[in-house]
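Since the structure comes first, as structure tokens, the remarks are kept for the end.
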Amino acid sequence: MDVHSKVIPFELHPMGFIEVFTRLGADTDLLLKETGINRNFFTRRGDKISYNQQTQLLKNGIKLCNTPGLGLLAGMNMDWGYHGSVGSIVSCSPSLKNAGAAMRRFLPIAQPHYNMLAGQPGIYVDKDGIMVNPLRILAPKHHDPELDLFETEYRLAITLRLYDQCGNKQVANNEVNALLAYPKPAYFYLYETLPCNKVVFGAKQTAVSCHYQFLIEPWREMRAAIFKRVIDQCEDELKASHLETSMTSKVRWHISYHYNEQVTLEQIAEQLAISPRALTRKLANENSNFRQIMHQVRMELTALHLRSSSLSVDEVAELMGFSSASSLRRAVKNWSGKTAGALRDDTSGSAPPNYNFSTSPVSSGALPA
């Protein structure tokens, strides 16, 4: 991750943050101080800034606004247009699954460093059909508690808005819950305004959860054609961005998205508008093959469920398509060198964040109209 490379489109997320910060009273000139950004950027298209420039912009905003829960306010009030073309899927995706997959795949166009997360396993299944979506902070960590908290709260609010606007509320269990791996802050009342049923502080991880039917059941099927039009536009933009540089990464994404559908090489080739033979050849040129990618995705998902879910090993084995728990254990040992039990007990990287809430004054935190 080159933090100095100018790859972030200024007119998208950075401009969205500036709009929110200034509406909360931040002085524009002070907001831009030491960022290398000037007002001429506001009316031009095509300017790009670096991760470091964006980080300085966020630090300035946090200091100038001096508002508790600033990340929540930014996430709840950032216009979807600042996400680029993919932002419009919020109003036309047939299901939350469609919307979430589109965001995960195409958000790096607006925020290229999110490409680091795009290829990682995301949502996992837990007991009683609950789907858990862990919220990961963009690596590398800032080693700045205020900045980390801002990003965590921003991503939480944005994710809950996506669930609220795209989930199927007609299903029997339409609850959406926020799980937070930190204690309740003094401004907890702001969390109570989030579009979810319950906020749980002190959880083992920061995540959003819902029932699988809320996630996967389509409810706006008449908008499927509009959704496909938007996806085609995003695919063109992703191709032009050169973020997805290998055929392996493209195949990997499609396998991850369609994993439980027993996807085949022929189906992936059709999705990529290429013949199965040509796809096999392109993968071979990258020292890869379809079966190898499928196995890697399967094992990463298996490891995620062992580490994070409360499912038994037998239940994970059935979910991941293994013939038995012993078959899963052998596969895990061969893949990772660890036993399934060791993976389950692995808590590396799961320590709760050390946010210092006491430094922020408590106020209403309301965003002016």
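Numbers for residues simply follow the sequence, beginning at 1. All values below come from the heavy atoms of this structure, side chains included, with hydrogens, waters and symmetry mates left out. None of the values given here were measured: they were computed from a predicted structure.
Scanning all heavy atoms of the two residues, the minimum distance from Leu319 to Leu311 falls at CD2-CD1, 4.1 Å. Considering all non-hydrogen atoms of both residues, Gly167 and Leu96 come closest at CA-CB, 3.8 Å.
Taking 4.5 Å as the limit, every side-chain heavy atom of Val263 sits out of range of all side-chain heavy atoms of His254. No side-chain heavy atom of Phe106 sits less than 4.5 Å from a side-chain heavy atom of Ile89. Considering only heavy atoms from C-beta on, Leu301 stays 4.5 Å or farther from Tyr124 through its side chain. For the pair Leu73 and Leu24, the minimum side-chain heavy-atom distance is below 4.5 Å. Proximity of Pro112 to Leu243: side-chain heavy atoms (C-beta onward) are separated by under 4.5 Å at one or more points. Residues Val199 and Phe188 form no side-chain contact, since every pair of their non-hydrogen atoms from C-beta on lies 4.5 Å or further apart. For the pair Leu180/Val200, no side-chain contact is recorded, criterion being any heavy-atom separation below 4.5 Å from C-beta on. Residues Val208 and Cys196 have side chains not in contact (no heavy-atom distance under 4.5 Å, counting atoms from C-beta outward).
Between Asp232 and Lys228 there is a salt bridge, since at least one side-chain N of the basic residue sits less than 4.0 Å from a carboxylate O of the acidic one. Taking a cutoff of 4.0 Å between a charged side-chain nitrogen and a carboxylate oxygen, Arg105 and Glu235 qualify as a salt bridge. Here Lys169 does not pair with Glu175 in a salt bridge; the nearest charged N to carboxylate O distance is not below 4.0 Å.
At least one test fails for Arg104 against the ring of Trp253: distance under 6.0 Å to the centre or angle within 45° of the axis. Taking the ring centre of Tyr257 as origin, the terminal cationic atom of Lys97 falls inside the region bounded by 6.0 Å and 45° from the ring axis.
Counted within 6.0 Å of NZ on Lys127, heavy atoms from surrounding residues, nucleotides or ligands total more than 12; the atom is thus considered enclosed. The 12-atom threshold is exceeded at CD of Gln165, counting heavy atoms of other residues, nucleotides or ligands nearer than 6.0 Å. In the displayed structure, Arg44 atom CZ is contacted under 6.0 Å by more than 12 heavy atoms of other residues, nucleotides or ligands. Atom CD of Glu270 has 12 or fewer heavy atoms from other residues, nucleotides or ligands within 6.0 Å.
One N or O on the side chain of Arg220 and one on the backbone of Ser93 form a donor-acceptor pair closer than 3.5 Å. Within the 3.5 Å criterion, the main-chain N or O of Gln53 finds no donor-acceptor partner in the side chain of Gln56. A donor-acceptor pair is defined here as one N or O able to donate and one able to accept, closer than 3.5 Å; no such pair exists between the side chain of Asn168 and the backbone of Gln213. Between the Asn197 side chain and the Val176 main chain, a donor and an acceptor come within less than 3.5 Å of each other. Between the side chain of Thr264 and the main chain of Gln267, a donor-acceptor pair closer than 3.5 Å is present. Ser288 contributes no side-chain N or O that, together with a main-chain N or O of Ala284, makes up a donor-acceptor pair within less than 3.5 Å. Not a single donor-acceptor pair under 3.5 Å links the side chain of Asp164 to the backbone N or O of Leu160. Between the side chain of Thr67 and the main chain of Cys65, a donor-acceptor pair closer than 3.5 Å is present. In terms of modelled atom types and a separation under 3.5 Å, the side chain of Arg281 and the main chain of Pro276 share no donor-acceptor contact. With hydrogens and angles ignored, the 3.5 Å screen pairs no side-chain donor or acceptor of Arg344 with any backbone N or O of Arg307.
Applying the side-chain hydrogen bond (donor to acceptor under 3.5 Å, both in side chains) rule to Trp219 yields no partners; only residues at least two apart in sequence or on another chain are considered. For Ser275, there are no side-chain hydrogen bond (donor to acceptor under 3.5 Å, both in side chains) partners, not counting sequence neighbours. For Ser309, the side-chain hydrogen bond (donor to acceptor under 3.5 Å, both in side chains) test picks out no residue, with sequence neighbours left out. Scored by the salt bridge (Lys or Arg N to Asp or Glu O under 4.0 Å) test, Arg291 finds no partners at all (sequence neighbours excluded). For His4, the side-chain contact (heavy atoms from CB on, under 4.5 Å) partners two or more places apart in sequence, or in a different chain, are Asp2, Asn52.
No side-chain donor-acceptor contact under 3.5 Å links Gln205 and Ser308. Defined by atom type and a distance below 3.5 Å, a donor-acceptor pair is missing between the side-chain atoms of Tyr212 and Glu217.
Interatomic distance, NZ of Lys333 versus CG of Leu343, reported as 10.0 Å (0.5 Å rounding).
Ring to ring, Tyr82 and Phe17 are not that close: their centroids are 6.0 angstrom or more apart.
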Original post:
After noting the C-alpha distance and the side-chain angles of Glu237 and Gln233, does the key distance pass the side-chain hydrogen bond (donor to acceptor under 3.5 Å, both in side chains) rule?
Top reply: CA-CA 6 Å; Glu237 292 178 7; Gln233 168 77 20; 2.8 Å; yes

Original post:
Passes side-chain hydrogen bond (donor to acceptor under 3.5 Å, both in side chains), Ser327 versus Ser324? Steps please.
Top reply: CA-CA 5 Å; Ser327 177; Ser324 64; 4.9 Å; no

Would you mind writing out the side-chain donor-acceptor pairs for residues 5-13 within the sub-3.5 Å range, not counting sequence neighbours?
residue	atom	partner	partner atom	Å
His13	ND1	Gln111	NE2	2.9

